[in-house]
Amino acid sequence: MQIIDGKQTAKDIKREIAEEVAKLVASGQRPPHLAAILVGNDGGSETYVANKVKACEDCGFESSTLRFDATITEDELIAHIKGLNENPNVDGFIVQLPLPKHINEERVIEAIDYHKDVDGFHPINVGRLSIGLPGFKSATPSGIIELLDRYHIDTKGKHAVVLGRSNIVGKPIAMLLMQKAKPGDCTVTVCHSSTQNLKEICLQADIIIAALGCPEFVKADMVKPGAVIIDVGTTRVADATRPTGYRLTGDVDFANVAEKASYITPVPGGVGPMTICSLMKNTLLARKGELFNF
Ligand code: GUN
């Protein structure tokens, strides 16, 4: 069994990006600029945005964070999004989710200019991904593909079982894995809360992508010997022994499943660091402006 080290891979990728940015700047161009919109005071969102700002520093990017009170109206938020759409000094931006209940996330995401949608959440980018056209790919799924690629994991003709059907992970990773590409070319089954015989389906999987947000859901008796296990779960579970008062827990019972797997991602240090890396890659692509010119 080999542990897939997302932390180290992310470090390598950030170094590669930083080298490319240094060349860009040496040739007289400005570095990429990522902006983040943060609404309210959600602890998780604050941490995510702080990590994105830190990754920008590591890559030599400029970054800015626009903070708004949880009471901001949907129209006010959309006006700020339009401002970023039109700002020539911002290459890409994200609106950190979740948003307060009174704001319609779909309307907010559709207000983002898809040329600057480095999260890959806009329906145009989702549609382009689903038919294999260039566009911004959602960060977590493209981070998973990058890990499979860098670890030379053979995916052609394999049965990939995706647990979870979210717009951010489950649906786009299913699309990417079924694409005629390398990594890709899988036979994909997507399981969700209404799936019957889930254990039997998992036992047929060569690759399991666990993205259902249910701590330690995937047990050893659901895994075929030699399967590749990708754990996307990051649930905060209360833990009084930690200074933070919680620990991040994946969707896989790591200790027991690892014994049966050929490759497995840990939590933390697996998929998580790769997600931010993909966002950095998308921002660099946005800066270069070549993605939609064909
Ligand atoms: N909330 C949880 N994950 C994400 C993400 O990847 N992007 C944004 N914008 N919000 C999130």
Side-chain angles (χ1 to χ4, degrees), residues 6 10 13 33-56 61 63-68 70 72 74 77-78 80-81 84-85 90-101 103-114 116-126 129 135-147 164-173 175-176 209-214 230-236 246 248-251 267-268 270-283 285-286:
I13 294 172
H33 182 174
L34 173 71
I37 292 183
L38 181 56
V39 180
N41 303 300
D42 177 77
S45 293
E46 294 266 1
T47 308
Y48 284 130
V49 170
N51 289 341
K52 288 168 189 175
V53 169
K54 164 78 171 54
C56 284
F61 293 5
S63 71
S64 34
T65 307
L66 284 73
R67 291 171 170 273
F68 301 107
I72 190 170
E74 191 173 298
L77 182 57
I78 286 175
H80 287 288
I81 288 172
L84 289 176
N85 285 343
V90 172
D91 302 295
F93 65 97
I94 62 150
V95 180
Q96 188 64 35
L97 304 177
L99 291 170
K101 293 274 175 289
I103 297 178
N104 179 333
E105 284 186 358
E106 280 75 29
R107 190 165 166 247
V108 166
I109 289 168
E110 284 213 61
I112 299 171
D113 177 350
Y114 72 89
K116 294 193 175 188
D117 167 41
V118 285
D119 254 335
F121 291 171
H122 191 287
I124 290 181
N125 282 312
V126 176
L129 175 144
F136 291 117
K137 295 187 178 89
S138 177
T140 301
S142 63
I144 294 170
I145 295 291
E146 184 92 41
L147 283 177
R165 55 178 159 184
S166 70
N167 290 339
I168 294 181
V169 184
K171 285 177 194 152
I173 190 63
M175 286 294 181
L176 288 173
I209 313 284
L212 66 166
C214 185
I230 306 292
D231 189 350
V232 188
T234 49
T235 307
R236 288 182 172 191
Y246 67 86
L248 281 186
T249 305
D251 288 348
V267 176
V271 174
M274 294 298 294
T275 297
I276 292 189
C277 253
S278 304
L279 181 66
M280 299 298 118
K281 275 190 139 182
N282 279 348
T283 306
L285 283 171

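One-based numbering, in listed order, for ligands and for the atoms of each. This is a predicted model, so every value here is computed, not measured.
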Sorted by chain and number, sequence neighbours left out, salt bridge (Lys or Arg N to Asp or Glu O under 4.0 Å) with Glu46 holds for Arg67
Within the 4.0 Å heavy-atom cut-off around ligand 1, the contacting residues, ordered by chain and number, are Lys52, Val95, Gln96, Leu97, Asp119, Phe121
For His80, the ring-ring contact (aromatic ring centres under 6.0 Å, His included) test, sequence neighbours excluded, returns Phe68
So SG of Cys277 and CG of Asn282: to nearest 0.5 Å the spacing works out to 11.0 Å
| field | Check: Thr249 and Val267 side chains under 4.5 Å, non-hydrogen atoms | value | no
Of all heavy-atom pairs linking Lys52 and Ile94, the shortest is NZ-CD1, 3.4 Å
Across all chains, not counting sequence neighbours, the side chain to side chain contact (heavy atoms under 4.5 Å, CB included) partners of Asp113 are Asn85, His115
